[in-house]
Structures are given as C-alpha cells and as structure tokens.
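Beneath this line is the structure, given in structure tokens, with notes to follow.
The basis for the numbers below is simple: all heavy atoms, side chains too, and nothing from hydrogens, waters or symmetry mates. When a residue number appears, it is its place in the shown sequence, counting from 1.
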Amino acid sequence: MAERIPVTVLTGYLGAGKTTLLNRILSEDHGRRYAVIVNEFGEVGIDNDLILNSDEELFEMNNGCICCTVRGDLIRTLHGLLSRRSDFDAIIVETTGLADPGPVAQTFFVDPFLQQRTALDSVTTVVDARHILMRLHDSREAVEQVAFADQIVLNKTELASAAELDGIEARLRKLNPLAPIHRARRADVALDKVLGRGGFDIERIVSLEPDFLAPAHCEAGHVHDEHCGHDHDHGHAHAHDHEHDAGIHSIALTASAPMDGERIRMWLNALVNSKGADILRGKGIIDVAGEPRRLVFQSVHMLLEGDLQQAWKPGEARYSRLVFIGRNLDEALLRKGFEGCTTR
C-alpha cells in the first residue's frame, strides 16, 4: 500500500492569523508541496484570493462550516483530490473561523478510503493574543478549537505584555493540558514545530513527550512543558479537574496499581460509546498487568484507538495516566470507573 498522505487541519477563530500561517507554509523553502482545501463561511469566498500564488493545488469549499452537515462535501473533495493525485506531499485543510474542528478530524477516521490514503498529522489551532480571552468568554467555537487542538500557535504576541502572555498560556493550558503552545508574531513559528509532528499518531504519544500527560501539581496555574523539572507522583490514583468556559473540563486520572487489561478495554469502550459525543479528546498510557509494553490509546469523540507500544524499561516505575477533555464530564464517575479497572 502506498504511503499515506499527512493532513494538517488548520483552525482558529476569525482573525487569529490562519491564512498568514498558511501563506508561510506555502512560501517557505521546505521542500514539500501541499494541496490546500479552504473552507469559508458564506456563499462568496475571499480566503482563496488572500492565499499567495503558488504551485500548490487549491480547493475552495463555501456555504458553511465544515461540520457534520457538510462533512460529505469534504469527503467528496478529498476523494476527488486523491483519485487524481498530482505531485503533492501533504494536505492542509484550513477551516472557517466559525468551525468546530472535531467533525473535520473525525472525517479521516470514519471514511475507509481516507483511512487508507491519509493520516491526520495535526489539528493546529491559531489564537489571537489580543482577543483570545474575550473569545473564550463569548464564543463556543473558540473554546472548541482550543480544547480540540494537539498544538496551539499563540499569535500576535507583540500585542500583549509578558505578564499577559503568561496569563493567556495558563488559561489555554487549563482548557487543554495536552497541546504545546508556540508563541508567534505574524505566525512566525518554526514550521518544523508545526508540520510533521504526528500529533494524532498513537506510536508517537510516548516517544514525543512521555510526561506531557502528567496532571497539574504544585501551585495553581502551574504549566507543564518540556522544561518542567518537578517530580511526578505515581503513588496513587487521583483525578484533577478544571472547570472552564462553555462547560468544557480537563480531567486527569493517574494510578500506580497495574490495570486489568480486559477491564480497562471494556471500560474505555463503554465510556466512548456512552459519552463520546461529549469527549473532545482523550489520550493515555496504561500499565497492563503482566504486559511488558505500554498500552497507548487516544480517542476522538466516539472513535477509540489503542495499541501496545514502547516497552517499560527495567526498574522503571510503571503507572497509568489518562487525560480527557470534554464537556459535562463526571469526575467522580470517571474516577470510580478507572479505579475499578485496577488489579487491586
């Protein structure tokens, strides 16, 4: 089977700088050629005219957000693009600023042809440092875009002070503790941090940032990133929950006791079947009793993928750690179900 084509979904609220970032991707000398799908809100598009002239394939979808009601249009566009594939290496889907990125990401998991031909590399959300706190207060779409991202470009940083930027990052981290944040001016983030990350690649969850799923600790507002030097306690099962805008919560569950493999699989399947519509994202590393390898999973709404991956190192403290981002999540019920899967 031919190598699958990586897809980057580029999202962010109106005016955040998505098209600026897209133009950087299309104009820089990185040796890759992109096919671009632009979705606009309304019958008459303008983003098409704002994108720099290039040799890339460009498709425009108008008349509404990419969402469940018009996902068929996205699928048909992608089918047509791939069936007559010319010389391009990757695909970028730029959504309207009013789009919920969840259904866009799901598209690449629910269509058999796209499952075979494409691989969702990243959902990258661009946010405007000047206005994001207001947008998180008054826009459900802005909250969805931040919560669903696997990486965030904090753009227009020249319009905020250092203290304001720290506060914005803390707010974004509370809403989405999984996504690294890249600060930028005019979307000048290093493209090797944005492209080719494998953000939706299960095999890379552990290899990229094995401690990134650690729950918050220490003082309020503590931010976990690659520079975090604190020790993480794996000695007991617990959950940490933040309440956020539009009812979205981030819940982390950690346990040191091994998990019963069959029980944890059944619980996760039942969870996404019953609450998948409310779970935007889920990721986890699970210590299965008697298994030398880590069970790594991630979920996108009602879609769940999991596989045995990297082996635990000799003498390494084994643990299970899950993070869910969604709305109306019952922390107590999740904790009870999670703890019920241990072998103790």
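Residues Phe338 and Ala255 come closest through the heavy atom pair CE2-CB, 3.7 Å. Across all non-hydrogen atoms, the minimal contact from Val194 to Gln151 is O-NE2, 2.8 Å. When every heavy atom of Lys156 is checked against every heavy atom of Ala16, the shortest pair comes out as CE-O, 3.9 Å. Across all their heavy atoms, Ser27 and Asn23 have their closest contact at OG-O, 2.7 Å. Pairing each heavy atom of Thr118 with each of Leu82, the nearest pair is CG2-CD1, 3.7 Å. Residues Ala129 and Ile168 share a closest heavy-atom pair of O-CD1, 3.3 Å.
A side-chain donor-acceptor contact under 3.5 Å links Arg263 to the backbone of Thr342. With hydrogens and angles disregarded, no donor-acceptor distance shorter than 3.5 Å links the side chain of Gln310 to the backbone of Arg294. Remark: side-chain polar atoms of Arg173 are paired, donor with acceptor, to backbone N or O of Ala179 under 3.5 angstrom. Not one N or O on the side chain of Asn155 forms a donor-acceptor pair closer than 3.5 Å with the backbone of Val126. Side-chain atoms of Asn176 come within 3.5 Å of backbone atoms of Ala147 as a donor-acceptor pair (strictly under, hydrogens ignored). Arg130 contributes no side-chain N or O that, together with a main-chain N or O of Ala160, makes up a donor-acceptor pair within less than 3.5 Å. Listed for the Ser139 side chain is no donor-acceptor partner under 3.5 Å among the backbone atoms of Leu136. In this structure, the side chain of Gln145 engages the main chain of Tyr13 through a donor-acceptor pair within 3.5 Å.
Within the 4.5 Å cutoff, the side chain of Leu165 has heavy atoms near those of the Arg183 side chain. By the 4.5 Å heavy-atom criterion applied to side chains, Phe88 and Val36 are not counted as neighbours. The side-chain heavy atoms of Ile285 and Tyr319, taken from C-beta on, include a pair separated by under 4.5 Å. Contact annotation: the side chain of Leu271 approaches that of Leu334 to within less than 4.5 Å [non-hydrogen atoms, C-beta and beyond].
Between Phe297 and Phe324, the ring planes lie tilted relative to each other; the angle falls in the 30° to 60° range. Using bins of under 30°, 30° to 60° and over 60° for the plane-to-plane angle, the ring pair Phe113/His79 lands in the tilted bin.
Each of Ile5, Ile92, Val7, Thr8 was checked for a side chain to side chain contact (heavy atoms under 4.5 Å, CB included) with Asp121, and the lone residue meeting it is Thr8.
In this structure, Glu262 has no salt bridge (charged side-chain N to carboxylate O under 4.0 Å, His left out) partners at least two apart in sequence or on a different chain. Asp111 meets the salt bridge (charged side-chain N to carboxylate O under 4.0 Å, His left out) test with no other residue; sequence neighbours excluded. Every residue meeting the side-chain contact (heavy atoms from CB on, under 4.5 Å) condition with Leu191, not counting sequence neighbours, appears here in chain and number order: Leu21, Arg24, Ile25, Glu28, His30, Leu195. With sequence neighbours left out, the side-chain hydrogen bond (donor to acceptor under 3.5 Å, both in side chains) criterion links Lys275 to Asp278. By the side-chain hydrogen bond (donor to acceptor under 3.5 Å, both in side chains) test, Thr125 pairs with no residue at all, sequence neighbours left out. The side-chain hydrogen bond (donor to acceptor under 3.5 Å, both in side chains) search around Asp287 returns Arg318, not counting sequence neighbours. Legend: residues meeting side-chain contact (heavy atoms from CB on, under 4.5 Å) with Asp330, ordered by chain and number and at least two apart, are Ala332, Leu333. Residues passing the salt bridge (charged side-chain N to carboxylate O under 4.0 Å, His left out) test with Asp192: none are found, sequence neighbours excluded. Looking at residues two or more places apart in sequence or on another chain, you find a salt bridge (charged side-chain N to carboxylate O under 4.0 Å, His left out) between Glu291 and Arg293. Considering only residues two or more places apart in sequence or on other chains, Ala289 meets the side-chain contact (heavy atoms from CB on, under 4.5 Å) condition with Pro258, Thr343. Arg265 is linked by a side-chain hydrogen bond (donor to acceptor under 3.5 Å, both in side chains) to nothing, counting only residues two or more places apart in sequence or in another chain.
The cluster map of Ile, Leu, Val, Met, Phe, Trp and Tyr, joined by side-chain heavy atoms under 4.5 Å apart, puts Met134 and Leu154 in different clusters.
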